[in-house]
Amino acid sequence: MHHLLVTGGAGFIGSNFVRWMLQQHPDLQVTVYDKLTYAGRLENLQDVAAAFGDRYTFRQGDICDAGRVAEVIAERGVDTIVNFAAETHVDRSIMDPDAFIQTDIYGTYVLLEAARQAGNLRYHQISTDEVYGHIEGDHRSLESDCLAPRSPYAASKAGADHLVNAYFITYNLPITISRGANNIGPYQYPEKVVPLFVTNALNDQPLPVYGDGQQRRDYQFVLDHCQAIDLILRKGVIGETYNVGTGTEMTNLAMVEILLDELGKPASLIRHVEDRLGHDRRYCLDVHKLMDLGWEPDYTHEEAIRATVRWYVDNRWWWEPIRSGEFKQYYEQVYGKRRVLSAP
Ligand code: NAD
Ligand code: TYD
């Protein structure tokens, strides 16, 4: 691993990963390849550009553009691809799945094919716990479980996982896959629940909790995820998939309680609203396979939520311009006509 191509590196997790890798590995070169959709922002990497000089390079482009992908791989001398590039928000996938199918499935195919054509480059796919669908009872998803995605987003990501495995089996492409839980932390676009609720609360706007708020998620700090990917790149077994999460779960309402407590804001901001279509009630991962490689999370849910809240309090320069742009239209579309539930 000498030169990483980080696709989607200007997004939330990708930008945290680029910073982490450049800090940890002094000999590593990183090229970010990103289309800069609404979710991709060069501000997420401005400190990286300043701190790491020519060890870091940015190239704008679409992962669906095979010619441009091949050109950047050759130009930069890439030996390893880590693919974060995706459309990522479930609510947007419910309103309009098209870009999800295009980027998350076809784009992954283009990258796999480029890796193969360039001489079987090392390839790591960033996937999600959502590919398992919602999990009944006390079960924790194992990497060997069948995939049962239920939203257009999750189905697109599952399609990509199948393609990545197919390239390993058919062409011996040296792949690994990681399936992450709900990440939170710096630079997450405020459409996702934690940054949405923190920034709403800071503006004294209501927090729209879907349904009864008893859905269960594993809110993981983004740097724990980045460390895990770093480890898998170095020590993961080729052809294998690794779950990445704390292995614990909490309800959305419990998350909101901690968030409001950190901000010193009242529970009266909570509004139970009409539920998301097909809303998955519970995700929970078994993470023993990753722990056997020597990984464990540094942050509990509560530490992750409090650290994330503090970052948004301290970094209004980052999110205030976002909330005043395209976001306003999106917010009106998703929440404008949403029914408020009198009792959840
Ligand atoms: P994000 O939406 O913040 O960033 C996605 C990035 O991909 C953006 O920079 C965007 O510009 C770029 N992009 C989108 N379409 C592209 C295209 N066609 N070509 C090139 N670049 C393109 O997403 P994120 O939350 O950082 O998620 C990154 C990856 O991690 C995704 O693959 C996602 O499925 C996965 N994941 C996310 C979470 C989470 O909680 N956020 C959890 C598990 C897995
Ligand atoms: P989200 O951040 O969209 O991640 P995902 O759906 O990929 O898990 O949502 C996390 C949880 O929060 C999920 O159960 C849906 C819920 N949620 C709300 O209750 N209200 C909201 O406005 C949003 C965006 C999410």
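Because the structure is a prediction, the values reported are computed rather than measured. Computation of the quantities below employed the complete heavy-atom set of this structure, encompassing side-chain atoms and omitting hydrogens, waters and symmetry-equivalent molecules. For ligands, and for the atoms within them, numbers begin at 1 and follow the listed sequence.
- By the 30° and 60° cut-offs, the orientation of the rings of F17 relative to F84 is tilted.
- Taking the charged nitrogens against the carboxylate oxygens, E332 and K328 have no contact shorter than 4.0 Å, which rules out a salt bridge.
- Under the 4.0 Å criterion applied to side-chain N and carboxylate O atoms, E262 and R310 are assigned as salt-bridge partners.
- With respect to K157 and E130, no salt bridge is recorded, no charged nitrogen being found less than 4.0 Å from a carboxylate O.
- In this structure, E303 does not pair ionically with R306, as no charged nitrogen and carboxylate oxygen lie closer than 4.0 Å.
- Atom CG in N182 sits 9.5 Å away from atom CD in Q220 (nearest 0.5 Å).
- Ion pairing between R234 and D230 holds under the 4.0 Å rule for side-chain N and carboxylate O.
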Report the C-alpha separation of S141 and R179 in whole Å, then their side-chain angles, then the decisive distance to 0.1 Å, and conclude whether the side-chain hydrogen bond (donor to acceptor under 3.5 Å, both in side chains) test is met. CA-CA 10 Å; S141 302; R179 297 192 177 131; over 6 Å; no
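- Protein residues having a heavy atom under 4.0 Å from any atom of ligand 2 are H89, V90, D91, E130, N182, E191, K192, V193, L196, F197, P208, V209, Y210, Q215, R217, Y219, N252, R276, H279, Y283, Y335, listed by chain and number.
- Annotation: ligand 1 has protein neighbours G8, A10, G11, F12, I13, D34, K35, L36, T37, A39, G40, G61, D62, I63, F84, A85, A86, T88, T103, I126, S127, T128, Y153, K157, G180, A181, N182, N183, Q188, each with a heavy atom less than 4.0 angstrom from the ligand.
- Ring centroids of Y189 and Y38 are separated by less than 6.0 Å, placing the two rings close together.
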